[in-house]
Amino acid sequence: MNNIKKTISYHDFSNNVKKLDAPFDIYKFDCQSMIPINEAFKLREVLLTMPFKKRTCDLYSFSQSSDFYRISNKNKPIEVQQLLEVLVQIKQKISTYLGQKFNNSISVSCSKYDIGDYLLCHDDRVDDRRVAFIYYLNYDWLSEWGGSLDIYSVDKHYNANSILQNIVPEFNAFLFFPVGNFTYHQVSENISKFPRITINGWFHCDNFAWSKHIQNKELTMSLKHIFLPIKVPKKDTHFTKRSIEKTYFERNFRKYIKEGFNTDGYGVCGQFFNSVALDGLSSALFSNNLKWEIKGPLNKMHYKVLNMNNLPEVIFNLVNMLRTEHMIQFFKDCTGLDFIGVNVEVQRWHGGHYMVSGGNDGYKNMHVFRVYIFFSHCIGTMNTDGEDDLYYVFEEHNAFYPKFKCTPQNNTMLLVNRFSNMEVYTKYCRKIDGHSWTVVVANYMIKDMFNCKIKLEKMHKL
Ligand SMILES: O=C(O)CCC(=O)C(=O)O
Ligand SMILES: [Fe+2]
């Protein structure tokens with residue numbers, strides 16, 4: 001990096017800054033006036049020789065270098081050292097440009113998004129971050145490769161609503177934005193085989209402008225979504241008896257499931273419906289005529305649901321099955337629990353969908369018995385051995401390892417004792433895997449656990 005300009009006048013800086021058209025203030029500085037293109041290429045090459053650590057959780061999957069300020073100079077390539085000098089210059093100019101005082105701290109590292117990597121919707125409100133910056137090092141990045149920086153609008157509850165802007169990485173461009181209460185953004189999945197390389201981080205300050213206390217509205221379970229296991233008309237009871245594999249009617253089999261459930265906290269019932277019933281259900285559940293609605297908010301979840309008031313008959317029967325005395329008895333036998341209410345949702349999941357952890361399923365601090373019935377005819381093959389394929393993850397609060405995980409398998413029922421101290425999330429479903437499934441999810445209120453003052457008669461009226 002011999003040709004880089006380590007100093008720049010404020011005039012030259014501000015002339016090369018453009019405010020982007022986005023729901024919150026975000027700016028682009030064209031670095032050419034400081035870093036010539038060939039030097040940016042050299043820097044990219046050197047970065048790719050540095051060690052990276054893969055980072056994955058419910059929110060992201062990408063590789064990261066160590067923080068550049070934590071690497072000793074002898075291990076830091078000269079190109080990176082020089083980049084840091086440029087960064088200090090840019091920081092001063094941004095400070096003047098935004099009228100913002102920073103402290104001495106800068107966090108900065110290199111991020112590498114390989115095929116299938118992503119960073120889901122978040123707002124950067126961590127520690128004392130004041131201004132986020134991203135320096136892009138991908139030449140000719142195509143928008144159809146994903147990997148864009150997507151900017152979200154905010155709804156009236158201060159949650160992320162929809163993506164209004166896709167910013168495609170532009171070589172040698174430096175983006176920055178003040179971290180605010182609702183600066184929701186994501187890096188969309190990189191679906192290309194080329195790594196998306198950036199140097200990114202934050203300038204910090206002692207009294208930051210965003211508030212730690214502003215909370216977007218919590219999603220609590222709304223009572224109108226609870227309904228009791230009412231008796232359904234006889235023909236629906238017939239549906240239950242007619243459709244389930246005979247084995248599940250055997251007492252001993254239920255006893256066997258219960259033993260596993262009590263030991264592990266979950267149970268898997270494969271081949272749940274007989275083939276005739278499964279054919280009928282598949283035809284209905286995978287019909288092109290179903291109208292799926294998006295379920296958000298996008299900073300917490302993204303999948304599709306069916307409107308429960310307008311279900312085709314076969315799907316209605318399936319949902320009702322979960323409320324019949326027959327099934328309630330089945331669940332009692334398989335778990336030893338007793339229930340007073342149930343809520344059902346029919347969900348569709350495919351590439352791009354997720355639910356991050358943090359009580360977003362609406363059952364924060366509640367103990368519920370949860371049933372999933374999976375149906376899947378995906379393009380890619382779901383694999384229960386491969387770590388990458390495991391979607392439903394259940395862990396205890398503050399534990400860094402999952403209690404158990406599961407991959408959706410066609411015609412399989414999963415029974416889960418979802419304790420109040422459990423975090424549950426559905427891992428981001430990668431577009432590149434071609435996985436997809438429909439799942440009926442039922443949450444049963446457990447009799448002894450439902451410590452709520454609402455009278456049952458009141459619930460009847462809902
Ligand atoms: O790489 C980008 O475009 C954004 C990265 C980002 O938002 C982050 O690391 O917090
Ligand atoms: Fe971010």
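Whatever order the structure lists ligands and atoms in, that order sets their numbers, starting from 1.
- Note on the Fe ion (ligand 2): protein N/O/S atoms under 2.8 Å are His122 NE2, Asp124 OD1, His185 NE2.
- Under a 4.0 Å N-O distance rule, the pair Glu395/Lys405 does not qualify as a salt bridge.
- Near ligand 1, residues Leu119, His122, Asp124, Ile134, Tyr136, Leu149, His185, Val187, Arg196, Asn200, Trp202 come within 4.0 angstrom through at least one heavy atom.
- Remark: Lys112 qualifies as a cation-pi partner of Phe52 under the 6.0 Å distance and 45° angle criteria applied to the six-membered ring.
- Asp25 and Lys19 are joined by a salt bridge, as a carboxylate oxygen and a charged side-chain nitrogen come within less than 4.0 angstrom of each other.
- Under 3.5 Å, the side chains of Arg430 and Tyr428 contain no donor-acceptor pair of N or O atoms.
- Remark: the backbone N or O of His204 is not paired with any side-chain donor or acceptor of Asp128 at under 3.5 angstrom.
- For the pair His185 (side chain) and Thr183 (backbone), a donor-acceptor distance under 3.5 Å is present.
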Evaluate the side-chain contact (heavy atoms from CB on, under 4.5 Å) criterion for residues Ile90 and Phe29: first the C-alpha distance (whole Å), next the side-chain angles of each, then the deciding distance (0.1 Å), finally the verdict.
CA-CA 9 Å; Ile90 295 178; Phe29 168 56; 3.9 Å; yes

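- Contact check on Lys431 versus Glu189 returns no salt bridge, with no Lys/Arg side-chain nitrogen under 4.0 Å from an Asp/Glu carboxylate oxygen.
- Scanning both residues, Leu137 and Ile199, for their nearest heavy atoms gives CD1-CD1, 4.1 Å.
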